[in-house]
**Q** 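Let me give you the structure first, and then I'll get to my questions.
What you see is a predicted model; the values in this text were computed from it and never measured. Whatever order the structure lists them in is the order used to number ligands and atoms, beginning at 1.
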Amino acid sequence: MARRLTVLGTGYLGAAHAACLAELGFHVLGLDIDPVRIDRLAAGELPFFEPGLEEVLRRGVNSGRLGFTTSYEEVAAFGDTHFVCVGTPQRSDGYGADLAQLDACIDALAPLLRSPCLVVGKCTVPVGTAEHLSQRLARLAPAGDAAALAWNPEFLREGHAVDDTLRPDRIVVGTRSERAVAVLREIYAKPVAKGTPFLVTDLATAELVKVAANAFLATKISFINAMAEVCEATGADVTMLSEALSYDDRIGGRYLGPGLGFGGGCLPKDIRAFMARAGELGVDQALSFLREVDAINMRRRARMVDLARELAGGAFENRVVGVLGAAFKPNSDDIRDSPALDVAQTIYGLGARVTVYDPAALENARRAHPCLEYASSALDAARDAHIVLLLTEWPEFAELDPDVLGKVVTERNIVDGRGTLDPERWRAASWHYRALGRP
Ligand code: UGA
């Protein structure tokens, strides 16, 4: 009979993991403390936007292999391999990670673990957390040492969750338990058979692989954005610079996209938590460059506001601004630390009337930023605007017709925050076109 697995926490990561494990043929029970979320998932309804995931969820639920609950007792009785996918956000009082959800999850689960089992951490944690959790697990679980811990970080990107989960670049398993390695090899047999590397490490290395990967990606983005600052001072074009660099295989073009910089629920908080942890370990100097990576990233948002102000004639009072994009990136409705909404909110605070359009994130944006106005199309967001700002590179924005948009605005001013538009085409249609890092 197929292995019975549980997934604790059905946020972005957990919901994708649970649905994809069911897709791989396992029996899966997902748990969350939020009953509304559980009811929706059990009805095959995804509580967030992710291309392709709802179909996988529905297939799992309809096959009878995928169920959801709010009961830890049911989870403990259901299977012997428990994936922990709860959130580890930034603390409200500093840079470190808030591990309250993780601690609460282990405290609720461990006392119910009476027979040999495996707890697999998938969330992003400060290095050293897993070691501490393995001791806590052994202490709290009636099964003692037979409740083994493994750390198996997740590398999925929002917008690509299904593909990244079913066909990951690599599978990393940190553990001291040979049984854990054998069980996870069996669970991931399909991707491994297709060539996905399976690396077994100690707990600390597995935790570090995840934060190091996100720190590297953030560094790459801030590198090209630092080059954009130099381009702005010299009249060079960062888009061409980035393309020219990308043909060098040693550099590569991915995560070298210049623009408004990174946001979301992962990169910003992960580099901050990494710095905080390095400080605790006495190696803060090793990661002091991440402070610069963070600062470069935040300066892009300030630069965007400056460019918009310049086009507005020096001040935002009595100006109408149309904002295209609210999600932290395209193909997502996630607005956590969204550069687009940060810029929109700042400009509103400086006195402009701001109307936002996003193909997927409008509802989330409206809840978080009720003072902004919202439109149901790019054209409506741009109506009467003195300046249009393109802040998230949804494909539909690349296809906007400058003549059509030009007819609804008050003045033809546009700032391209993501290097998405063809400057010549927009200038030919009498738009005053500005972009980050481009002449
Ligand atoms: C990121 C990592 O890419 C995943 O591997 C990781 O699993 C995930 O965090 C996580 O820790 O859970 P994600 O936050 O979904 O994934 O988003 P990315 O696609 O990496 O984009 C992050 C931000 O960087 C976005 O705001 C995007 O617009 C920006 N970005 C990306 C750029 O500004 N330039 C680029 O060239 C690429």
**Q** So does E158 pair up with K329, basic N to acidic O under 4.0 Å?
**A**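 Salt bridge absent between E158 and K329.
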**Q** I'd like to check the salt bridge (charged side-chain N to carboxylate O under 4.0 Å, His left out) partners of D202; sequence neighbours left out, ordered by chain and number.
**A**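 Per chain and number, D202 pairs via salt bridge (charged side-chain N to carboxylate O under 4.0 Å, His left out) with no residue.
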**Q** Could you walk me through whether Y357 and D380 pass the side chain to side chain donor-acceptor pair (under 3.5 Å) test, one step at a time?
**A** CA-CA 8 Å; Y357 166 68; D380 280 342; over 6 Å; no
**Q** So which protein residues pack against ligand 1 under 4.0 Å, heavy atoms counted?
**A**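 Its neighbours under 4.0 Å (heavy atoms only) are E154, F155, L156, R157, E158, K210, N214, L217, I221, Y255, L256, G257, G261, F262, G263, C266, L267, D270, F328, K329, R418, given by chain and number.
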**Q** Could you name each residue pair satisfying side-chain hydrogen bond (donor to acceptor under 3.5 Å, both in side chains) that touches residues 258-274, not counting sequence neighbours?
**A**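 Applying side-chain hydrogen bond (donor to acceptor under 3.5 Å, both in side chains) to every pair that reaches into residues 258-274, excluding sequence neighbours, yields T88-K269, Q90-R272, N214-D270, R272-D294.
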**Q** Do we get R3 above F26's six-membered ring, with its NZ or CZ under 6.0 Å from the centre and within 45° of the axis?
**A**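 The answer is no, since R3 fails at least one limit relative to F26.
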**Q** Output all residues satisfying side chain to side chain donor-acceptor pair (under 3.5 Å) with E229, sequence neighbours left out; order by chain, then residue number.
**A**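 Once residues adjacent in sequence are excluded, the partners of E229 under the side chain to side chain donor-acceptor pair (under 3.5 Å) criterion are R299.
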